[in-house]
Amino acid sequence: MAYTPHTEEERQRMLRTIGVDRLSDLFADIPAEHRFPALDLPEAVSEPEILRELSALAGANLNAAQTPTFLGAGSYRHWVPSVVDHVIRRGEFATAYTPYQAEVSQGTLQAIFEYQSMICDLTGMDAANASHYDGATAAAEAVIQAYNIFRSKRRKVIIAPTVHPHYREVIRTYTRGLDVVVTGEERSTDAPLSELAAQVDEDTACVIVQSPNFLGRIESLEALKEEIAARDKRTLLAVIANPLSLGLFNPPGAYGADIVLGEGQPLGLGLNYGGPYLGFYATREKHIRQVAGRLVGKTVDEAGEAGFVMTLTTREQHIRRERATSNICTNQGLMALAATVYLSTLGKHGLREVAELNYHKAHYAADRIDALAGFAVERERPFFNEFVVRCPAPVQEINRYLLNETPGGPIVGGYDLSQTYPRLDRHMLVAVTEMNTREEIDSLAAGLRAFVEDQGGAA
Amino acid sequence: MSEPLIYELGSPGRRGTKPPALDVPESDLPADLVRDELPLPEVSEIDVVRHFTRLSHLNYAIDIGMYPLGSCTMKYNPKINEETARLPGFAGLHPFQDPATVQGALGLMYRLQTYLQEISGFAGVTLQPAAGAQGELVGVLIIRKVQMDRGETQRDTILIPDSAHGTNPASTSMSGLRVVELPSDERGNIDLDALREQACDRIVGLMITNPNTLGLFEEHIEEVTRIVHDCGGLVYGDGANMNALMGVMKPADVGIDVMHFNLHKTFSTPHGGGGPGAGPVGVTEDLRAYLPSPVVIRRQDPVDGSFSYALHEPAKTIGRVKAFWGHFGVLVRAYTYIRMLGAEGLRGAAEHAVLNANYVRSRISDVYTVPYNRICKHEFVAEGRFEDAPDVNALDISKRLIDYGVHPPTNYFPLIVHDALMIEPTETESVQSLDQYVGALLQIADEAKQSPDLLHEAPHKAPVRRLDEVRAARQPVLRYERD
């Protein structure tokens, strides 16, 4: 039987030591009528059989990572350096427990400390935690942190409509039981952020914006903190950022953000059909005691040697229970390690180069698509690696065409924005990364042109 | 022997792995937005590999030795799971791909939903929650919404046993509800009188772990759930201890209404030094419409009878709890495990987990006080203290175990046992491994009386000695600081 090593002789010996006759005696306290139910599950299989079965299931999918893909919207097809998987496959990391016993967890603890440091470097902030489940729950925890900082006395949270739709939904789910009012989403996606700032008052705990926003546009953060402060000095500003874009652009920390958070998937985590991913979270020194999640700190041991421990643990559930800053326990440890290896491997120079590749390729694609009859790309506002395309037909139709009818093979088209913003009917969100070669981008343009031609000219 | 920080390695200008060259024309960069400084490490690829390999040597892990951590189920993490999770046709899927192009992935998720339902007796399962704690939050939100929809807005309290894991009250607070603690009786069960006293129409429900954190099966479980149901409350089961129940009993059969699973405990997915895990939630038929959105459903074509899978928003959903659909990579691992074991293997895992725990308990209970010393389930709790060694506590014993090559058990939890040592060997440990562990515990008990300093100053044989946690909290240093 898989993974239990006992022989019959050993079993009998152990039962004798315990003082019972058979295994089932150990379950006499289970109500008799419910004991040992039959489980209707498939027969156990061996390794070759499960590989055969799952290879078939995996083979039934279109592998976007190995296809020309222009789909982003919060998860991106980026290159994962070979070193990353090599490190996270090591049993000493993958099969280690949460580092409560610091003396035998220095590998994990130091790696987290390095991760925390790199997130601070990227975001321009003072302190980062060891991770949240993903960008969406990190955003929800930011709302809760703001709510706690103001001791539940401020009830309003303002969220830009251009924050990722899943994040906005998760914030609503998490705040349902709290006395919090979420507002701001009803505004137009074209409205400048200063319009959001205008809603700030002394009941506002925080304002949450995303840059690049869900439509790919880099927001003008320069004046935002000041505009908020002019209305109320204490309201917090939380900025959701794409960490790869921070390889190129000024971090939100430089613009006065109080909390910077987001999705770490672009940092070497692969696509994996949406998870597990990585919520990163960073804040200012003065707020660290209200932060949720694990924090690793540097200290010394009894011999005066440097070492690392989990710290400020009285914030956490295992100590503070119902008064904890959050219920989070297991987080995304191995994914944070992956991101740390990614950032180390690319480093100061490589990360900047990858970010620039994204930028230039996306702008090349925008130029090519904008030049096509029937398509238009708005170019006034700066963008990183995603942009909005106004299309001559429903995006769903175009994507089906790209998948099934382009002569060069399937192309995975961009995100259909009509599912998120009804006003943006026939608008596609196109993502371009360092993985899209010039040929792929040219094929996309050719495919879009062919679509229009097949329809009998521009609609 | 310590390893420098990655920042302290390398040299200015050193490069790691190299991205491809730019193959399109450059566009203008917005100069006012571009950053000047990017203070990341400058190391080569070999520096990276050596650094993280050396760091890994500072860790203890299941692949090295036993981890008898109560409530964590640190069983062997099968390597076949790592192969299946990495199949390109799984790893390369974008979450927003047209569902028609990911039928294999949706099919796996659907089947996993049904397997978890079959194991637990529940009618519906969500695979979305990222961890057990998030599953708890989902469960509480579901119960709350059900009652609010019935107009029972006066309910605001959740009952939680004093032996509960800290995430239980924390999840309750996050939902905006108040916690009332229930005492345990002298046999370690929920005190029924206290429960009856608290059961009224103010109660949202009860959060219960069964077997509880003492490793004991709740002797009056059906009475407990009946009392809660009679006052209009619902019962949330913390499924952290499912390793004792697979193929032994279905929680839904004894009145649990909603329960989370920990895939990174019961279903063998690796702990990863703190995640990622996954915390799917199972519910009874009445609650299915409230599951987080989306779940995976199966449709049958009326013409050719073929099946297809889709993402579906339950009619009265509590909403979404994370971006996208769940920890798919973890789900593949759990699926693989369930298929490798089958019904017989799952029951065998539970039986041997319980066998191993009782074996260790029997062998140490003459020397270590086991407050509720009867047949336990997959874990038990001992006191980490001795009458004739008053200066020795659970922490000392735990740190000394490190010198014997074993990870300490869970300490100081549950709170209702003095100097608690919660021991859960799991079924993947052999009797030799257990005998070694027992030997260490008995030796340490001797040392406690003869030479307690060995314990007070332990560990002696770890990469570092005991660490100054007070200093770490007083003067937090949470990042690399350049001079």
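In what follows, chains are A, B, ... by sequence order, proteins preceding strands, each numbered from 1. Bear in mind the structure is a predicted one, so any value in this text is a computation, not a measurement.
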message = Show, in sequence, the C-alpha distance, side-chain angles and deciding distance for A:E10 and B:Y359, and conclude whether the side chain to side chain donor-acceptor pair (under 3.5 Å) test is met.
response = CA-CA 11 Å; A:E10 288 166 346; B:Y359 178 76; over 6 Å; no
ask   = What do the steps show when you test A:I218 against B:L33 for side chain to side chain contact (heavy atoms under 4.5 Å, CB included), and what is the final call?
value = CA-CA 9 Å; A:I218 299 169; B:L33 294 180; 3.9 Å; yes
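Heavy-atom distances place the side chain of A:Y415, and not its backbone, under 4.5 Å from chain B. The parts of A:V300 that come within reach of chain B are both its backbone and its side chain, each placing non-hydrogen atoms under 4.5 angstrom from that chain. Using a 4.5 Å cut-off between heavy atoms, A:S131 makes no contact with chain B at all. Proximity to chain B (any heavy atom under 4.5 Å) is restricted, for A:T137, to the side chain, taken from C-beta onward. Proximity to chain B is absent for every atom of A:A130, based on heavy atoms less than 4.5 angstrom apart. In this structure, chain A has a heavy atom under 4.5 Å from the side chain of B:I402, while its backbone stays farther away. With a threshold of 4.5 angstrom between heavy atoms, A:L403 approaches chain B through side-chain atoms but not through N, CA, C or O. With a 4.5 angstrom heavy-atom cutoff, B:V330 touches chain A via backbone and side-chain atoms both. Contacts of A:P42 with chain B are made by both backbone and side-chain atoms, with heavy-atom separations under 4.5 Å. Of the atoms belonging to A:Q66, it is side-chain heavy atoms, and not backbone ones, that fall under 4.5 Å from chain B. Contact annotation for A:P37: both backbone and side-chain heavy atoms come within less than 4.5 Å of a heavy atom of chain B. Both the backbone and the side chain of A:L246 have a heavy atom closer than 4.5 Å to some heavy atom of chain B. For B:E427, the parts sitting under 4.5 Å from any heavy atom of chain A are the backbone and the side chain alike. Within the 4.5 angstrom heavy-atom criterion, only side-chain atoms of A:D134, from C-beta onward, approach chain B. Within the 4.5 angstrom heavy-atom criterion, no atom of A:E263 approaches chain B. Contact annotation for B:L355: both backbone and side-chain heavy atoms come within less than 4.5 Å of a heavy atom of chain A. Residue A:V45 touches chain B through both its backbone and its side chain, counting heavy-atom pairs closer than 4.5 Å. The parts of A:A102 that come within reach of chain B are both its backbone and its side chain, each placing non-hydrogen atoms under 4.5 angstrom from that chain.
Side-chain N/O atoms of A:E114 and B:H51 include a donor and acceptor closer than 3.5 Å. A donor-acceptor pair shorter than 3.5 Å can be found between the side chains of A:T108 and B:N59.
Across all non-hydrogen atoms, the minimal contact from A:L26 to B:K377 is O-NZ, 2.9 Å.
Here the side chains of B:V43 and A:T345 are not in contact, with every heavy-atom distance at 4.5 Å or above. Taking 4.5 Å as the limit, every side-chain heavy atom of B:Y480 sits out of range of all side-chain heavy atoms of A:D121. Between A:K298 and B:R479, every side-chain heavy-atom pair lies at or beyond the 4.5 Å cut-off.
Residues passing the ring pair (Phe, Tyr, Trp, His ring centres under 6.0 Å) test with A:H349, sequence neighbours excluded: none. Taking the side-chain contact (heavy atoms from CB on, under 4.5 Å) definition, one finds that A:D40 meets it with B:E118, sequence neighbours left out.
The backbone N or O of A:E103 sits nowhere less than 3.5 Å from a side-chain atom of B:Y60 that would complete a donor-acceptor pair.
Ring planes of A:Y273 and B:W325: tilted class, angle from 30 to 60°. Classification of the B:F324-A:H166 ring pair by plane angle, with boundaries at 30° and 60°, yields perpendicular.
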